[in-house]
Trainee: 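Mind looking over this structure? Questions follow.
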Amino acid sequence: MTVAVVTGAGRGIGRGIALRLARDGHAVAVNDVDKASAEAVAHEIAEAGGRSLAVPADVTDRDAVFAMVDRVAAELGSVDIMVANAGIAQVKRLLELTPADLQRMFEVNVFGVVYCMQAAAERMIAQGTGGKLINAASIAAHSGFDYLGHYSATKFAVRALTQAAAKELAQHRITVNAYCPGIVGTEMWNQIDEGLGGYLGTGKGEALAKYSQLIALGRVQTPEDVAGFVSYLAGPDSDYMTGQSVMIDGGIVMS
């Protein structure tokens, strides 16, 4: 049985990914900075007949990430798939950003992804059986968004790191790809909607509705929409794909 680690899996997209990978037959290590949330999703997987393990840790702590990967390998047998999903967003005008804003955004969205790739790749190389690194990017990795400038910058960084890691790790039969969601009906987008309201003068739900008009398929994305694509990236059908950051957004940004 292959073993997948999913970070930020206590809710939202991460939870959707963890549940889907479990249904696909992977053992799933459920990570979240919130211990109770990680345990709840791991229990949900176990109740459905899957094999799971809750591994609470903060992805901004490099030592904690390496310890998490060591624990997963020890208790579940290996680490074959790393989904570096944990991330945060913040709505703020570029001229108002503080050093603390920038530091927090990059620590979670960039440093956290790097630490997950480092720890998982090191383990995969030692195992000698290859593996899959799957990173959370965004449509904001392909087109910078106003009021989300520093968030967009972190996602552009994830896209670059995905390409660089794919080149460096190919010799070890490790593929590296990223998924780029759009407007997803999660708590994060509720926070974005509220933040945009302060700049656009919109009420609750109005900014989300406005931006949702950009979606060609005409509906807000669900975590399951994203999880279906991550399922492909985690499975054998994507074995010849690496270095890609693919839009899965209902047709907002097309390239």
Trainee: Step by step, would you call Y115 with D61 a side-chain hydrogen bond (donor to acceptor under 3.5 Å, both in side chains)?
Mentor: CA-CA 8 Å; Y115 299 155; D61 182 339; over 6 Å; no
Trainee: Taking the side chain from K155 and the backbone from A136, do they hold a donor-acceptor pair closer than 3.5 Å?
Mentor: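 Judged by distance alone, yes, a pair lies under 3.5 Å.
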Trainee: Please check: side-chain N/O of T186 versus main-chain N/O of G12, any donor-acceptor pairing under 3.5 Å?
Mentor: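 Answer holds: no.
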Trainee: Quick one: does any side-chain atom of N109 pair with a main-chain N or O of G87 as donor and acceptor, under 3.5 Å?
Mentor: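 Side chain of N109 to backbone of G87: no pair is present.
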Trainee: Do M82 and I174 have side chains that approach each other closer than 4.5 Å (heavy atoms only, starting at C-beta)?
Mentor: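 No, every pair of side-chain atoms sits at 4.5 Å or beyond.
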Trainee: Would you say M117 and V176 make side-chain contact, with heavy atoms under 4.5 Å?
Mentor: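 A side-chain contact exists here, since the closest heavy-atom pair is under 4.5 Å.
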Trainee: Mark yes or no for whether R104, through its side chain, and P99, through its backbone, hold a donor-acceptor pair below 3.5 Å.
Mentor: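 Not a single qualifying donor-acceptor pair exists.
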Trainee: For the residue pair Y199 and Y147, is the inter-centroid distance of their aromatic rings smaller than 6.0 Å?
Mentor: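 Distance test on ring centres: under 6.0 Å, yes.
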Trainee: Using a distance-only test with no angle check, is there a side-chain donor-acceptor pair under 3.5 angstrom linking S231 and D24?
Mentor: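 Distance-only check passes for S231 and D24.
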Trainee: Is there a donor-acceptor pair under 3.5 Å between the side chain of T242 and the backbone N or O of T175?
Mentor: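 Not a single qualifying donor-acceptor pair exists.
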Trainee: Indicate yes or no: at least one non-hydrogen side-chain atom of I183 is less than 4.5 angstrom from one of Q221.
Mentor: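 Contact flag for I183/Q221 side chains = no.
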Trainee: I'd like to know if D101 pairs up with K92 as an ion pair, taking the criterion as any Lys NZ or Arg NE/NH1/NH2 lying under 4.0 Å from an Asp or Glu carboxylate oxygen.
Mentor: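 Yes, D101 and K92 are salt-bridged.
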Trainee: Check A178 against F229 and note the closest heavy-atom contact, atom names and distance.
Mentor: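 That closest heavy-atom pairing would be O-CE2, 4.3 Å.
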Trainee: Would a hydrophobic clustering, with Ile, Leu, Val, Met, Phe, Trp and Tyr connected at side-chain separations under 4.5 Å, put V83 with Y232?
Mentor: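 Both belong to a single hydrophobic cluster.
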Trainee: Would a distance-only check, ignoring hydrogens and angles, find a side-chain to backbone donor-acceptor pair under 3.5 Å from D249 to V253?
Mentor: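 Checked: pair present.
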Trainee: To the nearest 0.5 Å, how far apart are NE2 in H142 and OG in S245?
Mentor: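 Answer rounded to 0.5 Å: 5.0 Å.
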Trainee: Between D239 and K132, does any NZ, NE, NH1 or NH2 come within less than 4.0 Å of an OD or OE carboxylate oxygen?
Mentor: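 The answer is yes: the pair qualifies as a salt bridge.
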Trainee: In Å and rounded to the nearest 0.5 Å, what is the OG1 to CE distance from T7 to M68?
Mentor: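 Those atoms lie 6.5 Å apart.
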Trainee: Going by heavy atoms in the side chains, are Y211 and I252 under 4.5 Å from each other?
Mentor: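 Y211 vs I252: side chains apart.
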Trainee: Backbone N or O of M241 within a donor-acceptor pair of the S238 side chain at under 3.5 Å?
Mentor: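 No: the side chain of S238 does not pair with the backbone of M241.
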Trainee: Any sub-3.5 Å donor-acceptor pair from N177's side-chain atoms to G243's backbone N or O?
Mentor: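 Yes; at least one donor-acceptor contact below 3.5 Å.
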Trainee: Taking atom CE of M188 and atom CD1 of I88, what is their separation to the nearest 0.5 Å?
Mentor: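 Here the interatomic distance stands at 7.5 Å.
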Trainee: Quick test of your reading of the model: are K210 and E206 salt-bridged, counting only N-O distances below 4.0 Å?
Mentor: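 Answer for the salt bridge query: no.
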Trainee: Would V246 and Y179 count as a side-chain contact (heavy atoms from CB on, under 4.5 Å) here? Give the steps.
Mentor: CA-CA 5 Å; V246 181; Y179 52 99; over 6 Å; no
Trainee: Assess the side chains of N135 and T162: does a donor N or O sit below 3.5 Å from an acceptor N or O?
Mentor: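 Side-chain D/A pair, N135 to T162: present.
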Trainee: Between the side chains of R20 and E224, is the shortest nitrogen-to-carboxylate-oxygen separation below 4.0 Å, so that they form an ion pair?
Mentor: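 Looking at E224 and R20, the cut-off is not met.
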Trainee: Would you find a donor on one side and an acceptor on the other, under 3.5 Å apart, between the side chain of N31 and the backbone of G8?
Mentor: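 A pair under 3.5 Å: yes.
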Trainee: Just wondering, are more than 12 heavy atoms of other shown residues or ligands nearer than 6.0 Å to CZ in R71?
Mentor: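 Above 12, so yes.
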Trainee: With rounding to the nearest 0.5 Å, note down the distance linking OG1 in T154 to CD in E107.
Mentor: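 If we round to the nearest 0.5 Å, T154:OG1 and E107:CD are 12.5 Å apart.
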Trainee: Judged by atom type as modelled, is there a donor-acceptor pair below 3.5 Å linking the side chain of S52 to the main-chain atoms of V28?
Mentor: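 Judged by distance alone, no pair lies under 3.5 Å.
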Trainee: Can a salt bridge be assigned to the pair R93 and D146 using a cut-off of 4.0 Å between side-chain N and carboxylate O?
Mentor: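 Looking at D146 together with R93, the answer is no, because their closest N to O distance does not fall below 4.0 Å.
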